[in-house]
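Every value quoted in this text rests on a predicted model; they were computed, and no experiment measured them. Counting convention: from 1, in listed order, for ligands and their atoms alike.
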Amino acid sequence: MSNIVNYDERVKNFDWSISEKELGYKAGDVINIGWYCSDRICEMGKANKMALLWEGLGGVEKKFTYNDIRLASNTIGTFLRSLGVKNEDRVCLFMDKVPELYIGLIGILKIGAIAQPLFSAFGDESLFVRLDNAETTAIITQKKHLAKIRKILDRMPYLKHIIIVDYDGKYPLREREVAFSLEEATPIEKIDIYPTKAESPSILHYTSGTTGQPKGVKHVHYSLISQYLTTKWVLDNQENDIYWCTADPGWVTGTSYGIIGAFSTGVTQCVLDSGFAAEAWYKFIEKYKVTVWYSAPTAIRSLMKAGDEIIKKYDLSSLRNLASVGEPLNAEAVVWSEKVFGLQFLDSYWQTETGSIMISNYPGMKVKPGSMGKPFPGITATIIDPDTYEPIKEEGKIGLIAIKPGWPSMMRTYWNNEETYKNKFKNGWYLPGDRSTIDKDGYFWFIGRDDDIINTGGHLVSPFEVESALLEHEAVAESAVVSKPDVVNMEVVKAFVTIKAGFTADQDLELNIMNFIRKKLSPLAMPQEIEFIDSLPKTRSGKIMRRILHAKEWGEEIGDTSTLEND
Ligand code: 6R9
């Protein structure tokens with residue numbers, strides 16, 4: 001039987017105290033996610049249960065029991081303390097999906113510091129703006145990412161420690177750099193876990209905004225109450241499951257469900273630290289006998305593209321619950337997964353700010369392929385009119401998704417940006433910035449974002465950030481960045497660029513600019529196409545009208561152009 005048993009019954013009788021009771025937490029108690037993800041599972045008699053089965057490039061394997069996770073996170077926490085890292089200091093995790101990333105996050109939380117996970121493919125500029133905003137004290141990284149940090153080091157006086165987890169002694173360490181090897185360090189049996197309370201900060205996740213630099217989403221230790229219960233009721237993790245969350249902990253899914261949800265429910269999880277390849281993924285599922293699989297539409301579409309034939313080569317019969325997040329999951333993908341795996345992917349909707357799943361499909365509830373499902377028990381969600389901010393009653397009408405604030409894992413603010421945080425609330429509702437319809441049965445159907453943010457393969461990219469970076473290229477005079485359709489990633493980045501005199505708009509320049517952005521920001525933010533044009537469409541007040549360029553890319557009606565400069 002599934003953990004949720006019956007969705008409608010759970011909605012009727014819901015109280016977050018269900019989760020608090022299961023976790024043995026009472027209001028006012030100390031609550032430390034690091035402890036819940038390791039020590040508590042050991043105290044429940046599962047010290048020798050496998051917690052993490054890790055596989056890296058070339059098939060290298062590492063295995064950690066819950067006791068190993070407990071000791072290793074104590075060791076990392078103690079090491080950070082020995083450097084002088086204190087509670088509420090920001091400690092960035094800037095690594096590929098290596099075990100130190102998973103265990104490091106737990107160690108940071110144990111000492112009451114704030115974990116700041118960042119996607120390791122970020123270039124130096126993406127890294128700098130996020131570390132600078134958070135005034136990060138320490139960064140834990142691998143030697144392969146060191147050059148990016150060294151490049152921006154002079155601009156970061158607050159960054160006191162650069163901790164390298166795989167230092168090999170080949171080149172001398174420079175100022176502020178220090179080596180730490182989990183394998184060589186003496187395991188620490190006991191650590192004084194910092195007595196964090198419900199509202200103590202835990203994680204700072206950066207997400208893209210439409211205007212301005214990325215925003216630091218501040219979460220607190222109480223978020224566990226949501227993350228634990230949603231993991232149980234949506235992903236349905238049970239005692240003997242082998243769970244695979246394909247997300248990178250540089251993004252929120254990888255922490256809320258790849259670390260906190262996984263370890264706090266005491267499941268055995270596996271991690272594949274290599275890029276996407278259909279056969280490698282199927283092989284991984286077969287090898288580890290994955291039962292619960294949380295992935296993303298782009299990956300599912302890539303698997304569909306790879307064809308049904310290769311699936312027959314693998315025994316995937318262990319799979320029993322599949323879920324997806326990050327971008328719209330098309331109906332075809334749900335129908336396809338039922339055909340090839342005998343299971344439908346359960347779509348789930350949420351965002352960095354919400355910290356946990358808000359709207360979802362649930363084991364046992366009827367899935368309408370293409371719909372995101374219904375609000376999680378305890379979550380009041382609706383759609384509201386964009387002008388009046390009043391709930392929409394008419395069936396089929398499009399409105400802004402609106403959620404009643406107050407669930408445990410809601411962000412507490414944007415770091416150093418309370419004003420933008422406040423703007424996310426209207427008429428007593430939290431607005432995630434997405435549009436949807438609701439059908440007569442209460443199912444939500446995603447329509448699109450309510451801003452210019454580009455969702456490429458489930459990753460949000462701010463057009464503003466790409467435009468700012470483009471302006472730093474010597475040949476670029478002006479630029480406008482929009483999305484364009486893509487079969488696998490749904491959307492990719494496209495840049496319209498006007499160039500300065502003396503440069504030639506040719507393929508070499510296009511490649512040169514693409515590479516410039518890839519290195520500076522990330523491969524995700526890199527435009528897949530650059531179109532050189534003579535002038536950008538602007539309003540009479542000089543604002544670039546991305547809307548017109550966007551409509552052109554998507555073959556849509558251009559709409560009202562009465563404010564255009566060159567009519
Ligand atoms: C968890 C995560 C959040 C944005 C969100 C929305 C889009 C997420 C979706 C979805 C359609 C779904 N999104 N889940 N769109 N269907 N099931 O992805 O967080 O990186 O902050 O992105 O992604 O636009 O507002 P984050």
Side-chain angles (χ1 to χ4, degrees), residues 117-119 122 203-210 214-219 223 226-227 230-231 234-235 245-261 294-301 322-331 333-334 344-362 367-376 381 383 398 400-403 409-411 414 424 430-438 443-462 465 483 489-491 522 524-525:
L118 290 178
F119 184 45
F122 275 150
I203 293 183
L204 193 58
H205 254 304
Y206 276 76
T207 187
S208 300
T210 326
K215 299 166 292 185
V217 175
K218 182 176 126 178
H219 284 293
S223 71
S226 293
Q227 287 147 348
T230 47
T231 303
V234 178
L235 304 175
C245 171
T246 61
D248 186 310
W251 310 104
V252 74
T253 306
T255 53
S256 288
Y257 295 101
I259 301 181
I260 304 174
Y294 197 21
S295 199
T298 291
I300 300 164
R301 284 192 291 268
L322 319 183
S324 161
V325 67
E327 25 158 2
L329 180 66
N330 20 345
V334 179
Q344 294 170 315
F345 268 96
L346 304 178
D347 191 13
S348 65
Y349 165 89
W350 57 292
Q351 54 174 197
T352 307
E353 287 87 338
T354 69
S356 67
I357 295 167
M358 293 287 106
I359 296 170
S360 188
N361 292 280
Y362 307 88
V367 172
K368 295 191 187 187
S371 155
M372 305 193 291
K374 297 189 184 190
F376 188 77
I383 51 169
I398 298 172
L400 298 175
I401 296 181
I403 311 170
S409 65
M410 174 58 175
M411 70 163 158
Y414 289 124
K424 296 288 285 188
Y430 168 71
L431 304 186
D434 291 307
R435 291 176 296 130
S436 174
T437 60
I438 304 179
Y443 284 72
F444 284 65
W445 298 77
F446 188 81
I447 299 290
R449 286 195 61 96
D450 192 47
D451 56 26
D452 293 336
I453 288 182
I454 300 166
N455 188 334
T456 179
H459 298 114
L460 305 186
V461 171
S462 152
E465 238 188 314
S483 63
N489 290 294
M490 199 179 76
E491 299 185 344
S522 72
L524 303 168

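- Within the 3.5 Å criterion, the main-chain N or O of A247 finds no donor-acceptor partner in the side chain of Y257.
- Checked for salt-bridge contact, E491 and R449 miss the test: no charged N lies under 4.0 Å from a carboxylate O.
- For ligand 1, the atoms closer than 4.0 angstrom to any heavy atom of P328 are 11 (C), 15 (N), 16 (N).
- At a heavy-atom distance under 4.0 Å, only side-chain atoms of V252, from C-beta outward, approach ligand 1.
- Among protein heavy atoms, the minimum distance from atom 4 (C) of ligand 1 is reached at R449 NH1, 3.7 Å.
- The atoms of ligand 1 that sit less than 4.0 Å from any heavy atom of D434 are 5 (C), 6 (C), 24 (O), 25 (O).
- When only interatomic distances are considered, the shortest N/O to N/O separation between T253 and ligand 1 does not fall below 3.5 Å.
- Listed by number with element, the atoms of ligand 1 under 4.0 angstrom from any heavy atom of D347 are 17 (N).
- Here the shortest heavy-atom distance to atom 8 (C) of ligand 1, taken over G326, A247, G254, S256, belongs to G326.
- Side-chain contact of E353 with T207: a donor-acceptor pair under 3.5 Å is absent, judged by distance alone.
- Taking 4.5 Å as the limit, some side-chain heavy atom of Y294 sits within range of a side-chain heavy atom of S348.
- When each of I403, T253, V234, T230 is checked for a side-chain contact (heavy atoms from CB on, under 4.5 Å) with W350, only T253 meets the rule.
- Counting heavy atoms from C-beta outward, M372 and W445 have side chains that stay 4.5 Å or more apart.
- Nearest protein heavy-atom neighbour of atom 22 (O) of ligand 1: L460 CD1, 3.5 Å.
- Residue contacts with ligand 1 for W251 are absent, since no atom lies close enough (heavy atoms, distance under 4.0 Å).
- Contacts between M372 and ligand 1 below 4.0 angstrom, taking non-hydrogen atoms only, involve the side chain exclusively.
- At a cut-off of 3.5 Å, with distance as the only test, a side-chain donor of Q227 or S256 sits close to an acceptor on the other residue.
- Side-chain contact between Y206 and V217: absent, with no pair of heavy atoms (C-beta onward) separated by less than 4.5 Å.
- When hydrogens are left out, the protein atom nearest atom 3 (C) of ligand 1 is Q351 CB, 3.3 Å; that is the closest non-hydrogen contact.
- Relative ring orientation between H459 and W251 is described as tilted, the plane-to-plane angle lying within the 30° to 60° band.
- Only the side chain of F446 comes within 4.0 Å of ligand 1, counting heavy atoms alone; its backbone N, CA, C and O stay farther away.
- Listed by atom number, the atoms of ligand 1 under 4.0 Å from T352 heavy atoms are 19 (O), 20 (O), 21 (O), 26 (P).
- Not one N or O of E353 is nearer than 3.5 Å to an N or O of ligand 1, by distance alone.
- Looking at atom 9 (C) of ligand 1, its nearest protein heavy atom turns out to be E327 N, 3.5 Å.
- Taking a cut-off of under 4.0 Å to the non-hydrogen atoms of N455, the atoms of ligand 1 that pass are 7 (C), 23 (O).
- Contact annotation: the side chain of P328 approaches that of M490 to within less than 4.5 Å [non-hydrogen atoms, C-beta and beyond].
- For ligand 1, the atoms lying closer than 4.0 Å to a non-hydrogen atom of S348 are 12 (C), 14 (N), 17 (N).
- Side-chain polar atoms of Y349 and S436 form no donor-acceptor pair below 3.5 angstrom.
- For atom 2 (C) of ligand 1, the nearest non-hydrogen atom of the protein is W350 O, 3.8 Å.
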